[in-house]
Amino acid sequence: ATCIGAGDPVLQGLAFGTVVVDEAAQVIEPAALVPLSFHPRRCILIGDQNQLPPPVASVDATNGGLAVSLFARLVLNGTKPRMLE
């Protein structure tokens with residue numbers, strides 16, 4: 001499911017040990033938090049913070065920090081991404 005789709009009521013009550021977010025560098029932070037509401041033991045974010053940022057059309061949202069993905073924010077705060085081979 002997409003990050004927002006993970007909030008669908010049909011998934012409520014399910015448990016996931018691992019959540020994988022693909023294109024995580026292009027997902028706005030609030031959307032990336034939806035799959036984390038399942039309280040997984042592990043979350044894998046896949047993406048490249050040096051490519052396109054999340055598409056945010058609102059100037060107010062951009063000024064409020066929503067143009068930075070969770071992936072990029074983690075990297076900016078010292079998390080070391082791993083390059084897959």
Side-chain angles (χ1 to χ4, degrees):
T2 64
C3 287
I4 296 299
D8 191 299
V10 74
L11 297 175
Q12 297 308 305
L14 297 178
F16 297 94
T18 301
V19 167
V20 177
V21 179
D22 194 13
E23 298 296 344
Q26 294 181 351
V27 177
I28 62 171
E29 200 164 7
L33 296 177
V34 174
L36 296 180
S37 68
F38 291 101
H39 306 288
R41 289 189 332 268
R42 177 175 40 194
C43 178
I44 300 169
L45 302 175
I46 300 171
D48 182 348
Q49 77 280 6
N50 295 316
Q51 291 189 1
L52 295 173
V56 177
S58 167
V59 173
D60 290 336
T62 298
N63 291 341
L66 290 179
V68 178
S69 67
L70 175 61
F71 188 98
R73 191 175 309 278
L74 289 169
V75 171
L76 289 170
N77 284 293
T79 299
K80 302 274 189 245
R82 291 186 184 178
M83 179 69 80
L84 300 178
E85 296 181 23

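These numbers come from the heavy atoms of this one structure, side chains and all, not from hydrogens, waters or symmetry mates.
Closest non-hydrogen pair, Ala25 versus Pro54, comes out as O-CD, 3.6 Å.
For the side-chain contact (heavy atoms from CB on, under 4.5 Å) test, residues two or more places apart in sequence or in another chain that qualify with Leu36 are Leu33, Pro40, Cys43, Leu70. Applying the side-chain contact (heavy atoms from CB on, under 4.5 Å) test to Ala31 and every residue at least two apart in sequence or in another chain returns Cys3, Ile4, Val27, Ile28. Taking Arg42 as the reference, Thr18, Ile44 meet the side-chain contact (heavy atoms from CB on, under 4.5 Å) condition, with sequence neighbours excluded.
Every pair passing salt bridge (Lys or Arg N to Asp or Glu O under 4.0 Å) that includes a residue from residues 8-29 is listed here, sequence neighbours excluded: Glu29-Arg73. Applying the ring-ring contact (aromatic ring centres under 6.0 Å, His included) test to every pair with at least one member in residues 3-23, sequence neighbours left out, gives these pairs: Phe16-Phe38. Sequence neighbours left out, not one pair with a member in residues 64-85 passes ring-ring contact (aromatic ring centres under 6.0 Å, His included).
Pro53 has its side chain out of reach of Gln26: every pair of non-hydrogen atoms, C-beta onward, lies at least 4.5 Å apart. At least one side-chain heavy atom of Pro35 sits less than 4.5 Å from a side-chain heavy atom of Val21.
How far OG of Ser69 is from CG of Asp48: 10.0 Å, rounded to the nearest 0.5 Å.
Both Val10 and Leu14 belong to a single network of hydrophobic side chains, linked directly or stepwise wherever heavy atoms of I, L, V, M, F, W or Y lie under 4.5 Å apart.
The main-chain N or O of Val75 is never found under 3.5 Å from a side-chain atom of Thr79 such that the two would form a donor-acceptor pair.
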